[in-house]
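First up is the structure itself, then whatever we jot down about it.
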Amino acid sequence: MAKVNRARSTSPPDGGWGWMIVAGCFLVTICTRAVTRCISIFFVEFQTYFTQDYAQTAWIHSIVDCVTMLCAPLGSVVSNHLSCQVGIMLGGLLASAGLILGSFATSLKHLYLTLGVLTGLGFALCYSPAIAMVGKYFNRRKALAYGIAMSGSGIGTFILAPVVQLLIEQFSWRGALLILGGFVLNLCVCGALMRPITLKEDHTTPEQNHVCRTQKEDFKRVSPYSSLTKEWAQTCLCCCLQQEYRFLLMSDFVVLAISVLFMAYGCSPLFVYLVPYALSVGVSHQQAAFLMSILGVIDIIGNITFGWLTNRRCLKNYQYVCYLFAVGMDGLCYLCLPMLQSLPLLVPFSCTFGYFDGAYVTLIPVVTAEIVGTTSLSSALGVVYFLHAVPYLVSPPIAGWLVDTTGSYTAAFLLCGFSMIFSSVLLGFARLVKRMRKTQLQFIAKESDPKLQLWTNGAVAYSVTRELDQKHGESVATTVLGYSPT
């Protein structure tokens, strides 16, 4: 059945088996992102057991998040060149092994390697391929499908947060990690659901596909002892990679990538320090875990409702703006957090932050697909999640260092808030500049009335007719169109 589906080109079905893909991705986000968030519930347990400070303990969460995102392109490579099913199943085995081995740790360094590196690598092989599969099966209902699939993170957090706290109380942190290791093996089941599909747009460049395929066939025919073997391998690899990652040269994608760095820096520390912060202002352990549950369940509402709302006709053309709004609102929530020092005030915060967190997480694949297209979506998502890696690695320890140094969470939360606001403002400014330049191009074209041929990538035009050059001069063409005639 898999071979038949690979061979047949089709349009995104927007339903059918696609809903099983959504269900599989939903379970993947539970087993990856929700479990990662629940590591913060172990924070105080690890800190107490190993007698370490905030910064040292925070590295556990940072490493698992960093490796998950850093190795996201590896997940895309495995998915593209083997299959999504193989990648997710392998990832499930690695993630489970990391959690189980972590339950036997005797130092924080052991947890860095097992719970951090090994589990993070397993999550990386699962996360971006599962999300990309949803984009292949849906077009018209893409935002809704992503909303449902990504809501697994919130539902998982809502359910797992109190369960993990209960497991810690009953079986200690070692027993809780061991049980989570068994739970994460469900990723293997999720992988089995990811039936391959070949879309029509996957064949939009037949000449490039033919060249790459021909080179692969020629490479197989070359004797392994021939001096041409290395040359053929390099040529074929360059051809395939150039086609697969050509979106890296797009100006819109570069701006998105820079914005993602600041957004990722801001979003991570809350899931590490919400529970410790709540405990520091007098909230009990169960109530602090309850705040994580609230964050998770409202995250679900944000995933689904924002995905549904932005799929409506009135907002479908403004999904980019909705993404900016959601990121900016999370940044504002951060700025208010140091003033909230009781449970009745922290509950509304968890609701607001959780809603907009779910909202922008749902729209990341949608915005990425809008920029690069569906064909390159898997590779592009791998790069986008890869860019989360460094901020995820450094932001919790930096926040912990600020807490250790100042004796307060205020500086850490303010830094995160301004980082997310800057991310939103940067993307908004880039979109505004793009529209202004597009309007300027249209004005010049209308004024000159030449036979104007434009091919735009972002906001830059790459070709212009000789009539426009003769009428307005080379300097106008260069300034307005970003092009110097030869």
Side-chain angles (χ1 to χ4, degrees), residues 22-43 60-69 72 88 91-92 94-96 98-99 102 115-116 119-120 122-128 130-131 134 146-168 173 176-191 267-275 288-304 307 350-351 353-355 357-362 364-365 385 388 392 396:
V22 170
C25 186
F26 174 84
L27 293 174
V28 167
T29 55
I30 289 178
C31 294
T32 56
R33 303 312 301 157
V35 170
T36 301
R37 288 181 177 183
C38 288
I39 291 176
S40 64
I41 299 175
F42 291 90
F43 188 94
I60 300 172
H61 192 283
S62 296
I63 292 172
V64 66
D65 250 343
C66 174
V67 174
T68 299
M69 300 309 175
I88 294 178
L94 290 175
S96 177
L99 286 163
L115 183 56
T119 299
F123 287 166
L125 295 179
C126 302
Y127 191 55
S128 57
I131 294 173
V134 175
Y146 273 126
I148 296 172
M150 304 297 283
S151 68
S153 176
I155 292 177
T157 305
F158 173 70
I159 297 173
L160 288 179
V163 170
V164 168
Q165 181 62 44
L166 182 62
L167 290 175
I168 292 173
W173 63 266
L177 283 181
L178 190 63
I179 294 171
L180 281 179
F183 172 75
V184 164
L185 277 174
N186 285 291
L187 286 169
C188 297
V189 179
C190 302
C267 71
S268 179
L270 182 77
F271 297 100
V272 180
Y273 292 110
L274 179 60
V275 172
F290 178 65
L291 288 174
M292 287 295 293
S293 294
I294 293 175
L295 194 76
V297 73
I298 301 300
D299 193 290
I300 305 165
I301 298 174
N303 283 140
I304 297 175
S350 294
C351 293
F353 189 94
Y355 182 82
D357 179 74
Y360 79 74
V361 167
T362 296
I364 287 176
Y385 293 130
H388 285 66
Y392 276 8

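One is the number of the first residue; the rest follow in order along the sequence.
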Nearest 0.5 Å, please: how far is CD1 in Ile39 from CG in Asp65? 7.5 Å

Check for a donor-acceptor pair, side chain of Thr32 on one end and backbone N or O of Tyr127 on the other, with a separation under 3.5 Å. no

For a 4.5 angstrom cut-off between non-hydrogen side-chain atoms, does Ser268 reach Pro396? yes

Quick one: pull up CZ in Phe353 and SG in Cys267 and give me the separation to the nearest 0.5 Å. 7.0 Å

Between Arg33 and Asp299, does any NZ, NE, NH1 or NH2 come within less than 4.0 Å of an OD or OE carboxylate oxygen? no

Is the backbone N or O of Leu295 less than 3.5 Å from a side-chain atom of Ser350, with the two atoms forming a donor-acceptor pair by type? no

Any side-chain heavy atom of Val275 sitting closer than 4.5 Å to one from Leu291? no

Carefully, step by step, assess Leu125 and Leu94 under the rule side-chain contact (heavy atoms from CB on, under 4.5 Å). CA-CA 9 Å; Leu125 295 179; Leu94 290 175; 3.8 Å; yes

If you measure from NE2 on His61 to CZ on Phe42, what distance do you get to the nearest 0.5 Å? 11.5 Å

Within the structure provided, determine whether Cys25 and Ile131 are in side-chain contact (heavy-atom separation under 4.5 Å). yes

Show the numbers, then the answer: is there a side-chain contact (heavy atoms from CB on, under 4.5 Å) between Phe123 and Val67? CA-CA 8 Å; Phe123 287 166; Val67 174; over 6 Å; no

Spacing of CG belonging to Leu160 relative to CG belonging to Leu180, to within rounding of 0.5 Å: 7.0 Å

Closest non-hydrogen contact found for Met292 with Arg37 is CE-O, 3.8 Å

Note, Tyr360 side chain near Asp357 side chain (heavy atom, < 4.5 Å): yes

In Å and rounded to the nearest 0.5 Å, what is the CG to CG distance from Leu167 to Leu178? 10.5 Å

Decide yes or no for Ser293 and Thr157: does some side-chain heavy atom of the first lie under 4.5 Å from some side-chain heavy atom of the second? no

Check Leu115 against Ile60 and note the closest heavy-atom contact, atom names and distance. CD2-CG2, 3.7 Å

Work out which heavy atom in Leu185 is nearest to a heavy atom in Gly92; give both atom names and the distance. CD2-O, 4.2 Å

Other residues, nucleotides, ligands: >12 heavy atoms within 6.0 Å of Phe26 CZ: yes

Donor-acceptor under 3.5 Å (Thr68 side chain, Ala124 main chain): no

One pair to check against side-chain contact (heavy atoms from CB on, under 4.5 Å): Cys31 and Phe183. What are the steps and the verdict? CA-CA 8 Å; Cys31 294; Phe183 172 75; 4.0 Å; yes

List the steps and the verdict of side-chain contact (heavy atoms from CB on, under 4.5 Å) for Trp173 and Val164. CA-CA 9 Å; Trp173 63 266; Val164 168; over 6 Å; no

Set of residues satisfying ring pair (Phe, Tyr, Trp, His ring centres under 6.0 Å) with respect to Phe290, sequence neighbours excluded: none

For residues Ile30 and Gly152, report the shortest heavy-atom separation together with the two atoms involved. CG1-O, 3.0 Å

Could you tell me the separation between the CD1 atom of Ile41 and the CG atom of Leu166, rounded to the nearest 0.5 Å? 11.0 Å

On a heavy-atom basis, the closest approach of Cys190 and Leu27 is SG-CB, 3.2 Å

Shortest non-hydrogen contact from Val28 to Leu187? CA-CD2, 3.8 Å

